[in-house]
Amino acid sequence: MGIRYDWQEAEIRSIYDTPLLELVYQAATVHRQYHNSKQIQVCKLISIKTGACPEDCSYCAQSSRYQTQVKPQALLEKETVVNIAQQAKAKGVSRVCMGAAWREVRDNSQFEHVLDMVKEVTGLGLEVCCTLGMLTENQAKRLEDAGLYAYNHNLDTSQEYYSTIITTRTYDDRLNTINNVRQTNVTVCSGGILGLGETIADRVSMLHTLANLRPHPESVPINILSKVKGTPLENQPDIPIWDVVRMIATARIIMPASDVRLSAGRANLSQVEQALCFMAGANSIFSSDDGHMLTVTTPCPGYDADQQMLDLLGLEVRPAFVRQPVV
Ligand code: SAM
Ligand code: SF4
């Protein structure tokens with residue numbers, strides 16, 4: 001079966017509801033048609049500007065509206081970012097993602113500074129991804145000119161549930177930014193979070209939106225909510241591993257050529273649970289050397305522990321720039 005852009009919600013729901021082992025088998029089969037199933041992409045997230053964000057995303061430790069453990073930090077120096085990226089590369093990382101707690105990119109000296117970072121880290125032979133909030137088409141073009149490989153902009157949840165989670169921007173704002181990135185050759189990274197209190201219908205609706213984008217996002221992160229003390233979602237119930245596996249497998253089947261990233265929340269999964277996620281089609285992870293993914297509130301497994309796990313499972317790290325284009 002080729003890549004489809006006309007998925008109906010009912011079809012996606014029926015995939016999501018397939019008996020679990022059959023679902024994993026189908027996803028594993030599709031995975032092998034489109035990817036080298038031995039390879040896992042290992043990414044490193046660097047928070048280049050932390051906290052004091054004006055947005056009210058109710059899961060986020062970096063929103064200025066909530067009292068969390070996160071200490072705001074101004075934009076990092078380029079040398080600091082390049083050093084972290086070099087160390088990550090030495091540990092097998094092939095993609096570096098730079099995150100800024102901004103509502104949107106502004107055309108100012110800080111953006112020039114980020115463009116410089118993108119150039120320099122790309123020059124190390126790494127895929128560079130940025131997640132900087134909303135972006136105009138012109139800003140996307142400038143990032144492209146600097147060598148940017150990917151832009152992350154998550155939908156997070158369904159259109160229907162979005163305003164329960166975030167009130168300071170709309171779903172259409174999100175889709176507009178993705179569309180602006182699509183006017184360039186920068187690839188798109190967009191996915192969501194499990195555990196926000198959404199229904200299965202919301203998960204299916206979000207997958208439906210992603211799978212009807214043409215082309216599909218080249219990368220689809222599936223996050224498990226990291227419950228951050230001080231945020232409105234700190235007391236959400238845990239998400240069963242089975243929901244995570246279903247979400248990954250469904251994303252894999254309907255967006256077969258995309259990378260599916262097991263992102264936030266992986267630190268709480270056992271190796272057996274992670275192996276099941278890889279079997280269901282996850283082929284990308286975040287790894288770190290400082291114990292956290294983006295801020296102190298999101299734990300992340302270490303490079304060496306991850307390398308040991310990959311060795312154990314007979315998996316290898318995917319080099320930079322080898323993914324096939326999504327058609
Ligand atoms: N400010 C930019 C934006 O919102 O696009 C980029 C940074 S933001 C931290 C990037 C993504 O991290 C969010 O879209 C969300 O999906 C994920 N994220 C943030 N906090 C999280 C949490 N507590 N648990 C799981 N995922 C989270
Ligand atoms: Fe700001 Fe991004 Fe956090 Fe929302 S997710 S509060 S936009 S840093």
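All values below come from the heavy atoms of this structure, side chains included, with hydrogens, waters and symmetry mates left out. Both counts, for ligands and for their atoms, begin at 1 and track the order of listing.
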Handout entry: ring-ring contact (aromatic ring centres under 6.0 Å, His included) partners for Y171, two or more places apart
Key = Y162
Handout entry: Results of ring-ring contact (aromatic ring centres under 6.0 Å, His included) for H113 - residues two or more places apart only
Key =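 For H113 there are no ring-ring contact (aromatic ring centres under 6.0 Å, His included) partners, ignoring immediate neighbours.
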Problem - Atom pair OG1/CG of T177 and N152 - distance to nearest 0.5 Å - result: 11.5 Å
Practice task
Measure the CG-CG distance between L262 and L276 for me, rounded to the nearest 0.5 Å.
Solution key: 10.5 Å
Practice task
Taking the six-membered ring for Trp and the single ring otherwise, decide whether the centroids of H31 and F278 are under 6.0 Å apart.
Solution key: no
For the pair [X] and [Y], find out whether any cationic side-chain nitrogen is under 4.0 Å from an anionic carboxylate oxygen.
X: E218; Y: R182; result: yes
X: D17; Y: R246; result: no
X: D259; Y: R318; result: yes

Just to be sure I read this right, does ligand 1 sit under 4.0 Å from the backbone of [X], its side chain, both, or neither, counting only heavy atoms?
X: R174; value: side chain
X: I193; value: side chain
X: S226; value: both
X: A100; value: backbone

Problem - Exercise check, heavy-atom protein proximity under 4.0 Å to atom 2 (Fe) of ligand 2 - result: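 No, there is no protein heavy atom closer to it than 4.0 Å.
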Problem - Distance filter under 4.0 Å to A264 heavy atoms, resulting ligand 1 atoms - result: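 Atoms satisfying the 4.0 Å criterion: 25 (C), 26 (N).
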Problem - Selection from I224, N154, L225, I166 by shortest heavy-atom distance to atom 14 (O) of ligand 1 - result: N154
Handout entry: Closest heavy-atom pair and its distance - I253, W7
Key = O-CZ2, 4.2 Å
Completion exercise
For L194 and D243 the tightest heavy-atom approach is CD1-O, 4.1 Å
Handout entry: Protein residue, atom and distance nearest to atom 7 (S) of ligand 2, heavy-atom basis
Key = R169 NH1, 3.3 Å
Problem - Those atoms of ligand 2 less than 4.0 Å from some heavy atom in Y59 - result: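 Selected atoms, number and element: 5 (S).
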Exercise for the section: Report yes if some N/O of D156 lies less than 3.5 Å from some N/O of ligand 1; otherwise report no. Expected result: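 D156 vs ligand 1: N/O contact under 3.5 Å present.
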Exercise for the section: Compute the shortest N/O to N/O distance between Y59 and ligand 1 and return yes if it is under 3.5 Å, no if not. Expected result: yes
Practice task
For G133 and ligand 1, answer yes if some heavy atom of the residue is under 4.0 Å from a ligand atom, otherwise no.
Solution key: yes
Problem - Total protein N, O or S atoms, atom 1 (Fe) of ligand 2, separation less than 2.8 Å - result: 1
Handout entry: Axial cation check for F286 ring with R261, 6.0 Å and 45° limits
Key = yes
Handout entry: Non-neighbouring partners of K141 that pass salt bridge (Lys or Arg N to Asp or Glu O under 4.0 Å), sequence neighbours left out
Key =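 Partners of K141 under the salt bridge (Lys or Arg N to Asp or Glu O under 4.0 Å) test: E137.
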